[in-house]
Participant: 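Shown below is the structure under consideration.
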Number of protein chains: 2
Amino acid sequence: MTRRPRRPTMVDVAREAGVALRTVSRVVNDDATVGAELAERVRAAIAALDYRPDERARHLRLGVTGTLGAAVRQLSHVNPVLRAVERAARAAGLMVLAASTEDDEVLERHVVESMCRRRFDGIILEPIGEDHGYLLPELAAGLSLVAVDRPVLGLDVDCVISDNVAGIRTAFAHLVAHGHDRVAYIGDDERIYTAHERATAFRACAAAHGGPVDAMVHTGRIEPGRITSAVRAALAGPAPATAIVTGNASISVEVLRRLGADSRKVAIVGFDDSELATLLRPDLTVVAQDDTAIGGTAIDLLRARIADPARPVSRVTVPVELVRRGSGELPPIS
Amino acid sequence: MTRRPRRPTMVDVAREAGVALRTVSRVVNDDATVGAELAERVRAAIAALDYRPDERARHLRLGVTGTLGAAVRQLSHVNPVLRAVERAARAAGLMVLAASTEDDEVLERHVVESMCRRRFDGIILEPIGEDHGYLLPELAAGLSLVAVDRPVLGLDVDCVISDNVAGIRTAFAHLVAHGHDRVAYIGDDERIYTAHERATAFRACAAAHGGPVDAMVHTGRIEPGRITSAVRAALAGPAPATAIVTGNASISVEVLRRLGADSRKVAIVGFDDSELATLLRPDLTVVAQDDTAIGGTAIDLLRARIADPARPVSRVTVPVELVRRGSGELPPIS
DNA sequence: GTGAAAGCGCTAACAT
DNA sequence: ATGTTAGCGCTTTCAC
């Protein structure tokens with residue numbers, strides 16, 4: 001029946017070891033200037049009392065917490081950028097603690113404000129929605145923040161984003177180079193920043209290439225019916241598309257599912273690499289994001305911002321890479 | 001050129017508003033016993049100074065942090081239990097901060113100890129490896145911890161686990177009920193706790209049913225070659241299996257990939273529901289874990305442990321459910 | 001209602 | 001090389 005005993009503090013350890021508080025602090029922080037014999041006595045006292053230092057007090061005193069927050073859309077989803085963020089932070093001796101925003105603006109705000117009150121040294125944010133006004137006072141009060149995947153609309157904050165425009169251009173040009181003249185685009189809801197950016201880039205490509213634009217671009221929420229009709233529209237009519245560019249990994253999966261065996265008859269380049277898509281079609285050619293570079297850059301930017309809050313804002317665009325696997329190299333079949 | 005200004009504290013706000021420190025504290029904590037006019041003055045001062053309360057100090061003073069840690073194998077992987085944990089914690093007014101252990105015992109230790117030093121109120125852990133001795137002093141010092149998915153070997157701590165044995169039994173019995181006499185099992189590396197538990201349960205089923213046991217059970221690390229030969233071994237020989245039970249979601253995917261079109265000729269029941277597996281074979285019958293129950297129970301257990309460190313340890317087993325989709329209801333084809 | 005002061009557990013001047 | 005002490009920003013008795 002262990003009653004909840006008051007946790008021992010440095011004072012208790014000092015008393016137990018018969019030394020001064022300062023000496024315990026030195027031992028705990030691996031300060032070399034402490035005598036071997038005393039150090040041993042302190043360590044014995046620590047073990048005897050099950051003493052565990054309290055970082056809250058340490059952080060309060062120090063001013064910094066050595067902690068970065070990551071506010072991401074969904075922790076329990078595949079998120080290679082988050083993994084890269086964790087690794088880069090670890091390499092820099094920083095701890096990353098993450099929480100989900102669940103694509104909910106209200107929850108995002110709760111999470112970010114919570115991290116601010118806990119005085120995390122900085123925050124990596126996958127921003128949701130349009131209105132990030134709540135960030136203004138936090139930034140004014142000293143918050144260091146880096147946006148990932150999309151910018152914080154209306155606010156001048158550091159961010160690191162994939163080169164969506166170049167990715168779409170590469171995909172389009174690749175298909176054209178393989179003889180395709182009628183390329184369709186199936187993308188996600190354009191209320192999502194990246195979806196809009198990619199669709200816009202595609203429209204520009206299609207317009208530059210000549211031929212119909214709007215008839216070739218199908219965007220909207222990911223719903224079974226919508227994907228089905230988009231695929232049908234793309235491949236039907238007097239001038240059916242011979243190639244498709246998909247707007248993100250989820251879209252790729254849905255399109256491939258609808259296409260079934262027919263997917264071998266149409267050239268496809270997907271945006272985003274993903275296990276899911278390549279399961280359905282192992283030879284899927286994709287425009288892959290450089291997750292490691294994104295995560296690493298995010299940490300670099302955040303550390304620079306923490307070191308110098310007055311430094312100019314930087315918006316980094318990370319190159320994407322075309323991964324040729326076969327589906328994007330098919331010739332047109334009309 | 002904003003120089004890094006010292007963040008304003010409650011003292012500054014009090015001075016600005018011309019009130020006592022105590023009053024600011026009351027306003028910040030929504031204490032009703034403060035006059036409307038004064039409260040307004042305080043709020044104005046807070047806005048004017050961009051004052052943000054510091055939870056480090058608050059938590060230090062209060063003793064508790066209102067924070068739960070989640071140390072999971074990989075943040076950026078699909079993890080429905082983690083999602084359920086976050087939701088249940090949120091409903092209880094607790095914040096969950098998560099970090100990856102990357103299936104690395106050393107990193108797990110770093111993460112857990114780090115959370116302890118930060119005085120998180122409790123920790124949810126997906127334990128890795130065999131040796132969790134480092135937890136002993138933490139538990140002695142007052143750590144509240146709940147293990148999820150597998151127990152902490154050798155330590156008497158709360159945990160919540162799926163009913164692996166019942167799941168395997170259900171899968172086996174289901175196939176037998178559909179006329180199968182020769183059922184094979186393909187599972188993951190038995191050094192993984194759940195993999196071993198499931199394989200053992202399967203052996204017991206096979207033995208009870210009669211017929212060969214060892215020839216029907218194939219376990220080991222997930223490698224292309226190993227899965228290929230396991231599938232071949234299961235379906236070859238004079239008495240080939242007419243049904244297969246797979247040990248987890250990853251195994252299901254690999255087996256389905258190897259089987260290809262042949263998968264329609266063999267009955268299959270997978271362990272774990274998963275988008276990946278059902279992509280390959282949309283009608284995959286599975287033994288599904290109750291993620292919501294697991295996450296909710298984990299939070300319940302953790303809160304109970306925090307409230308009463310002396311309460312008896314509980315090891316909860318959560319029932320699994322057979323989801324019939326077709327692949328497990330195929331008759332034997334010999 | 002308000003104000004002064006102690007203390008949460010730690011670090012870092014500043015002695016010695 | 002070790003001890004003393006102030007203070008990080010907050011909450012909370014305890015008088016008023």
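Chain letters run A, B, ... following the sequence lines, proteins first, then strands; residues in each count from 1. No experiment lies behind these values; they were computed from the predicted model shown.
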Participant: Identify which nucleotide among D:dT2, C:dG1, D:dT12 has an atom closest to any side-chain atom of B:Arg22, counting heavy atoms from C-beta outward.
Facilitator: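 The closest nucleotide is D:dT12.
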Participant: Would you mind reporting whether B:Val157 and B:Leu139 have side-chain heavy atoms less than 4.5 Å apart?
Facilitator: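 Yes, at least one pair of side-chain atoms sits under 4.5 Å.
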Participant: Within the structure, does a side-chain N or O atom of A:Ser25 lie under 4.0 Å from either OP1 or OP2 of C:dC10?
Facilitator: no
Participant: Nearest whole angstrom, please: distance from the C1' of C:dC8 to the CZ of A:Arg7.
Facilitator: 14 Å
Participant: Regarding B:Glu138 and B:Tyr134, is there a side-chain donor-to-acceptor distance under 3.5 Å anywhere?
Facilitator: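 Result is no, nothing qualifies.
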Participant: Counting any heavy atom closer than 4.0 Å, what does B:Arg26 reach on the DNA or RNA strands: base, sugar-phosphate only, or nothing?
Facilitator: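 Base contact.
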Participant: Just N and O in the side chain of B:Thr23: are any of them under 4.0 Å from OP1 or OP2 of C:dG1?
Facilitator: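 Answer is no, no contact under 4.0 Å.
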Participant: Are the side chain of A:Asp121 and the backbone N or O of A:Leu68 linked by a donor-acceptor pair below 3.5 Å?
Facilitator: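 Not confirmed, A:Asp121 side chain does not pair with A:Leu68 backbone.
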Participant: Write down the distance between CZ (A:Arg6) and P (C:dC8), rounded to a whole number of angstrom.
Facilitator: 8 Å
Participant: Which residues, if any, of residues 51-65 of chain B bring a heavy atom under 4.0 Å of DNA chain C?
Facilitator: B:Leu60, B:Arg61
Participant: State plainly whether the residues A:Arg41 and A:Glu37 are in salt-bridge range, i.e. N to O under 4.0 Å.
Facilitator: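 Answer for the salt bridge query: yes.
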Participant: For the atom pair CD (A:Glu126) and CD (A:Glu108), what is the distance rounded to the nearest 0.5 Å?
Facilitator: 10.0 Å
Participant: Please determine whether a side-chain nitrogen of the Lys or Arg among B:Asp12 and B:Arg6 lies less than 4.0 Å from a carboxylate oxygen of the Asp or Glu.
Facilitator: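 So B:Asp12 pairs with B:Arg6 through a salt bridge.
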Participant: Please enumerate all residues that pass side-chain hydrogen bond (donor to acceptor under 3.5 Å, both in side chains) together with A:Arg87, with sequence neighbours excluded.
Facilitator: B:Glu102
Participant: Please state how far atom CG in A:Leu21 lies from atom P in C:dC14, giving the value in whole angstrom units.
Facilitator: 18 Å
Participant: Heavy-atom contacts under 4.0 Å between residues 35-42 of chain A and DNA chain C, which residues?
Facilitator: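 DNA chain C contact set from residues 35-42 of chain A: none.
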Participant: What integer distance in Å separates B:Asp30:CG from D:dT11:P?
Facilitator: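 Value for this atom pair: 12 Å.
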Participant: For a 4.5 angstrom cut-off between non-hydrogen side-chain atoms, does B:Glu16 reach B:Tyr51?
Facilitator: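 B:Glu16 does not reach B:Tyr51 side chain to side chain.
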Participant: Which nucleotide wins on minimum distance to the side chain of B:Thr9, given the candidates D:dT2, D:dC10, C:dG3?
Facilitator: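 Among D:dT2, D:dC10, C:dG3, the one nearest the side chain of B:Thr9 is D:dC10.
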Participant: So what does A:Val28 touch, heavy atoms closer than 4.0 Å: a base, only the sugar-phosphate, or nothing?
Facilitator: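 Here A:Val28 touches no strand at all.
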Participant: Report the distance from atom CE of B:Met10 to atom P of D:dG9, rounded to the nearest whole Å.
Facilitator: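 Rounding to the nearest Å, CE of B:Met10 and P of D:dG9 are 12 Å apart.
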Participant: Donor-acceptor pair, distance only, cut-off 3.5 Å: does the side chain of B:Arg305 make one with the backbone of B:Arg311?
Facilitator: yes
Participant: When we call it a touch if two heavy atoms are under 4.0 Å apart, what does B:Val11 touch: a base, just sugar-phosphate, or nothing?
Facilitator: nothing
